[in-house]
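First comes the structure, then the notes that go with it.
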Amino acid sequence: MRHWMNRARTLLLGDMEGMGVIALLLLYLLLVDVALMYLNPFLYMLSTMFKTTADLLDPTVKWIPTSMEWANLKLAWDGLQFPKALKSSLTISLASAGGQIVVCSLAGYSFARLKFPGRNLLFGLLVFSFLIPPQTLIIPLYVLYRKLDLLGSPMAIITPALLGHGLRGALFVIIFRQFFSTLPKELEDAALIDGAGPFRVYWKVMVPLAKPAVLVVFLFSFVWHWNETFITGLVLNGSDLPLSVSLSHLDKVLRGMYGGDGTEPSFDLNETIRMAASFLIIMPPLIVYLIAQRWFVEGVERTGLVE
Amino acid sequence: MIGTSNRKRVRLSVESQQAISGYLFLLPWLVGLAVFVFYPLGYSLYMSFHKIRFTGTGMKFEWKGFENYTYAFLSDNTFVAALLSILKNSVLVIPIIVVFSLFVAVLLNLKFKGRMAFRGIFFLPVIFSTGQVLTEIFNQKAGSLDLLNNYDVAGFLAANLPKLWADPILAVLNMFVVILWYSGVQILLYLAGLQTISTNVYEASMIDGATPWEIFWKITLPALTPFILLNVIYTIVDMFTLPLLNPVLSMITANMTNPNLGYGYSAAQGWIYFVMVFLILLLVLAAARKTVYNGAER
């Protein structure tokens, strides 16, 4: 009897080895709950984009539309000028992410592994540059881009990234520095004794080991550049709009089609189209994430992001 | 004799070689720092003391001293109100994010089936947590909790709290899910932090008879204090540059084209904003210094 009681207790409440059933159930309940809260806006988007106007106005239709309305997607596709905007978004995001990976990893390696006078001071400047809000820099940059004749060209976004700045460049240098400083010192010493120069050591020994850090930085940089609207909206005012900016452009077109006077209508009939457009915009980074997700989740633990 | 002097020279050259390559590795980044950070920073400071007019030949600067700054505080009542509303929102939002992401990270660090799938979901916000799409979803009220409408929380808050706090609290509740979506990076940082605590410590304290509750407060939390500080700083930087909660962003771009105020005034607003954020960060660092240092001594 007692033995049976003990076993039941272990099963329900857990012991030193692991969690019991009750704890596990509670954990799953909590996680599922929070996960649903997270996914709610996403599910809302998925359900709304397939609704007809009748479904949208019908309060009894909450999650599942009575019929699948594919016309919304078509309208959003045309309204966003999807193929053109996608190309522009891909150019900006891929070029910027690539540039930031190369330059930030070089800088991070230098800060982590090479000794030179003024290293601490420069690292202080790096942290300082991370803290400056983009609001403070945006006006002079706007003037600078105009002088360099970069306004309206995607190069206005890409150039700073190619020099290791741009969106959160400082953060990426810090991530690479942390990663490189966790690697054992012997790796380099062995290569240096063999007569390899610092650049060879970086390229042949360090970069192959840095895959998790590269993946984390690539994903962050790609997605952040993809979604950026503040600077992008300001410097790219015209053709070649990327997806993130063309959503607000679509908004104006839709408002011209219906409403017209610029006032907010009491009930938004374009919601279905806008949700379809939102879906089209986040689809590409979502696909990238789904592919990279497994390595990403593991990579984060190994980057030793901070020590 | 010759041998030692030879060796010395070789060693010296190795050191200076390392220094040279150190600078070479940094070179592109340093060029960027000069062109895209320090030049605009100095230029915007210079602009903020001027009135800037556009003529056919280019920009014309007219020295105004601190006029732009005094205008911001004394005449422009929308600017001060915007600063205050951001401050109030941040006081509410930052603790929520820092605590919530800690909570989720601790859960995700437990060993159970399917945790990789859950991690995938909880990092998902990293994909969406910026930009227009989020604003779009937020505008459609999909970012608020059903609970709020079901129990008339708005009415309750308005009746029981002074308006000064009821409004920001309600604003925060209305975008609660969106706020949670901004904790992606923070969860990552905490998870990375949790990996630094060795399993030996846990095993030893379990053998000594400590409960999971005690272990969390006595071991996990103290070991995480540096990461908590890091997350507080990251969240502050993130929140103050986030367009969603932030009227100052649009104010600065709107004032650029304002014929009476122009670039000079926008630049001054940018600087006031920067100084404010910087002071808050210094305050946090000063306050955290003691607690974090003591807790982190491992």
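What you are looking at is a predicted structure, and each value in this text was computed from that prediction instead of being measured. Quick note on labels: first sequence line is chain A, next is B, and so on, each numbered from 1.
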| Do side-chain atoms of B:S21 reach the backbone of A:P198 as a donor and acceptor pair under 3.5 angstrom? | no

| If you round to the nearest 0.5 Å, how far is CG of B:L41 from CG of A:L141? | 10.0 Å

| request: Nearest 0.5 Å please: distance from the CD1 atom of B:I280 over to the CG atom of A:L131. | output: 12.0 Å

| How many angstroms lie between CG in B:L26 and CG in A:L114, if you round to the nearest 0.5 Å? | 8.5 Å

| B:F278 ring center near A:F128 ring center (under 6.0 Å) | yes

| request: Report yes or no: does A:Q135 contribute a side-chain atom to a donor-acceptor pair with the main-chain N or O of B:F240 at less than 3.5 Å? | output: yes

| request: Find the distance between CG (B:L33) and CG (A:L163) and round it off to the nearest 0.5 Å. | output: 10.5 Å

| Mind checking whether B:F118 and A:Y28 have parallel, tilted or perpendicular rings, split at 30° and 60°? | tilted

| Gap separating the OG atom of B:S266 from the CD1 atom of A:I139, nearest 0.5 angstrom | 4.0 Å

| Do A:L31 and B:L108 have side-chain heavy atoms sitting under 4.5 Å apart? | yes

| said: Using only atom types and a distance under 3.5 Å, with no angle test, would you say the side chain of A:H165 pairs donor to acceptor with the backbone of B:F36? | reply: no

| field | Which portion of A:V143 sits near chain B, non-hydrogen atoms under 4.5 angstrom | value | side chain

| said: I'd like to know if the side chain of B:Y23 reaches the main chain of A:P117, judged simply by a donor and an acceptor atom lying under 3.5 Å from each other, with no hydrogens or angles considered. | reply: yes

| message | Is A:R119 in contact with chain B via its backbone, its side chain, both, or neither, using a 4.5 Å heavy-atom distance? | response | neither

| Geometric class of the A:Y109/B:F25 ring pair [parallel <30°, tilted 30-60°, perpendicular >60°] | tilted

| request: Mind checking the OG-CH2 spacing from A:S110 to B:W29? Nearest 0.5 Å is all I need. | output: 10.0 Å

